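Here the structure is a predicted model, which is why all the values come from computation and not from measurement.
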Amino acid sequence: MRSRVYLDWNATTPLRDEARAAMVAAMDVVGNPSSVHAEGRAARALMERARAQVAAAVGCKPAEVVFTSGATEAAAVLGRLPVGRVEVEPTAHDCLWAQRRTGEGVRALGWGYANNETGVIAEPPARDDGAALMLDIVQAVGKVPFSFAWSGAEMAVVSAHKFGGPKGVGALIVRDGFDVAPALMGGGQEMGRRAGTENIIGIAGMGAAAEAAQRDLAAGRWEEVGELRNILESALSSGANNTISVGNGGLRLPNTLCLIAPGWKGETQVMAMDLAGFAVSAGSACSSGKVRASRVLLAMGFDEVQAAQAIRVSLGPGVTKEEVLRFADVWCAQYRKALSRAA
Ligand code: PLP
């Protein structure tokens, strides 16, 4: 029995063995991929292999993959499209963000395809003629089938550490022929779309993780994760029948459970479960020491009090049935204690 149970896979995932091995091998590659000599070509070959692996996992062409330091940097190109003012709005349903640039109407729309807090999957709304669409597929890649080619989007952003790769590396996917100004300028790397010598070690790890994740998805490992999530969800709702399971009944990531426990603060839940050996996260975000209610939950129609009582439990392959049932037992016992203290 493991003394710590990690149930925060939407925050980040454990590094996969395949990624670790690829990174260790890449550490001995001397060359700069921009150099033309044999050492440089070896580095480039490694990077191009990773590009093909990432492309296969997201359903795009290798030439459409631009490596970046992560999804946040990749999304920054949205700010460089030649359009007007930026508006960030919470959406009517619970997607991560809808970022619109206005001026002559909506010109570019950023859309969180699968929400990190609730796991809810939502297709983007209809867009104005000529508007570009950027999909944040960070939480979807490796967990549910997704094809950039079929999505109709001009751009997408991905992050390696959400599917078993290392932190600090990701990619911007740009449709062939769609022109974006690079967010980082300098050298002409990545076909002029992202300057700076590439993070070969991270990229090799990302490629290996993408390939392994795609294999796991095809083998049905995330359906097994989905079954465990459902077991956990019913154990929690039968142990505490006043809880609300956010997004239950709709299309959701198979691994995510967002639970509102009336009368018990999310932050306190996280601390109590941490002491009991479980890593989960609160549905609210903490910035500058101040806890803010989740915009996503508010946009879904929950009030501030409910939003502050949410936790997110996110599973991954490797989590066992024994662990989720133990989590449910401990959580229910702690909840009863918290309610009796409050009474
Ligand atoms: N988009 C979503 C949906 C996320 O969950 C995250 C990570 O928390 C990001 C973007 C940011 O990714 P990165 O850490 O690579 O910048």
Side-chain angles (χ1 to χ4, degrees), residues 12-13 15-16 18-36 39-80 110 134-142 146 148-149 153-214:
T12 195
T13 58
L15 189 70
R16 299 190 66 120
E18 297 88 342
R20 183 178 294 105
M23 288 162 75
V24 168
M27 281 178 189
D28 286 325
V29 175
V30 177
N32 183 322
S34 296
S35 302
V36 292
E39 287 82 356
R41 293 198 306 275
R44 174 153 299 275
L46 188 147
M47 190 168 80
E48 295 314 319
R49 171 155 191 247
R51 201 185 301 282
Q53 289 167 317
V54 170
V58 304
C60 71
K61 300 178 198 160
E64 293 174 326
V65 176
V66 180
F67 288 115
T68 64
S69 66
T72 305
E73 183 203 313
V77 298
L78 199 58
R80 298 193 65 83
M134 173 186 275
L135 285 180
D136 179 331
I137 54 170
V138 167
Q139 292 292 343
V141 174
F146 175 86
F148 178 75
E154 278 68 34
M155 292 165 286
V157 299
V158 293
S159 180
H161 72 100
K162 306 287 182 170
F163 53 81
K167 296 164 184 60
V169 58
L172 167 69
I173 314 296
V174 189
R175 184 168 298 286
D176 213 2
F178 184 76
D179 218 13
V180 287
L184 292 182
M185 278 174 295
Q189 289 91 348
E190 296 296 274
M191 312 261 284
R193 295 171 300 186
R194 197 273 188 181
T197 301
E198 294 88 345
N199 168 9
I200 288 296
I201 298 167
I203 288 171
M206 180 176 186
E211 186 176 288
Q214 201 194 0

Exercise. When rounded to the nearest 0.5 angstrom, what is the spacing between CE in Met134 and CE in Met155?
Worked result: 4.5 Å
Return a table of donor-acceptor pairs under 3.5 angstrom between the side chains of residues 23-34 and protein atoms on other chains or two or more places apart.
unit_1: Asn32; atom_1: OD1; unit_2: Ser34; atom_2: N; d: 2.9

Problem set entry | Thr13: side chain to side chain contact (heavy atoms under 4.5 Å, CB included) partners, not counting sequence neighbours | Trp9
Exercise. Side chain to side chain contact (heavy atoms under 4.5 Å, CB included) between Phe148 and Ile137: does it pass, once the steps are laid out?
Worked result: CA-CA 9 Å; Phe148 178 75; Ile137 54 170; 5.7 Å; no
Problem set entry | Residues in salt bridge (Lys or Arg N to Asp or Glu O under 4.0 Å) contact with Arg41, at least two apart in sequence or another chain | none
If you look only at distance, which donor and acceptor atoms sit under 3.5 Å apart when one is on a side chain in residues 197-213 and the other is two or more places apart or in another chain?
unit_1: Asn199; atom_1: OD1; unit_2: Gly202; atom_2: N; d: 2.8
unit_1: Glu211; atom_1: OE1; unit_2: Gln53; atom_2: NE2; d: 3.0

Exercise. If every non-hydrogen atom of Ala71 is compared with every non-hydrogen atom of Val138, which pair is closest and at what distance?
Worked result: CB-CG2, 3.4 Å
For this session: Begin with the C-alpha distance, continue with both residues' side-chain angles, and end with the deciding distance and a verdict on side chain to side chain contact (heavy atoms under 4.5 Å, CB included) for Lys162 and Val141.
Result: CA-CA 8 Å; Lys162 306 287 182 170; Val141 174; over 6 Å; no
Exercise. Between Ala195 and Gly186, what is the shortest heavy-atom contact and its length?
Worked result: CB-N, 3.3 Å
Exercise. Can you tell me how far OG1 of Thr68 sits from CG of Leu184, rounded to the nearest 0.5 angstrom?
Worked result: 9.0 Å
Problem set entry | Arg175 (side chain) donor-acceptor with Ala153 (main chain) under 3.5 angstrom | yes
Using a 3.5 Å cut-off and no angle test, enumerate the donor-acceptor pairs between side-chain atoms of residues 55-67 and protein atoms at least two apart in sequence or in another chain.
unit_1: Lys61; atom_1: NZ; unit_2: Asp176; atom_2: OD2; d: 2.9
unit_1: Glu64; atom_1: OE1; unit_2: Lys61; atom_2: N; d: 2.9
unit_1: Glu64; atom_1: OE2; unit_2: Asp176; atom_2: N; d: 2.9

Problem set entry | Residues that Arg194 engages under salt bridge (Lys or Arg N to Asp or Glu O under 4.0 Å), provided they are two or more places apart | Glu73
Problem set entry | Arg49 CZ: over 12 foreign heavy atoms closer than 6.0 Å | no
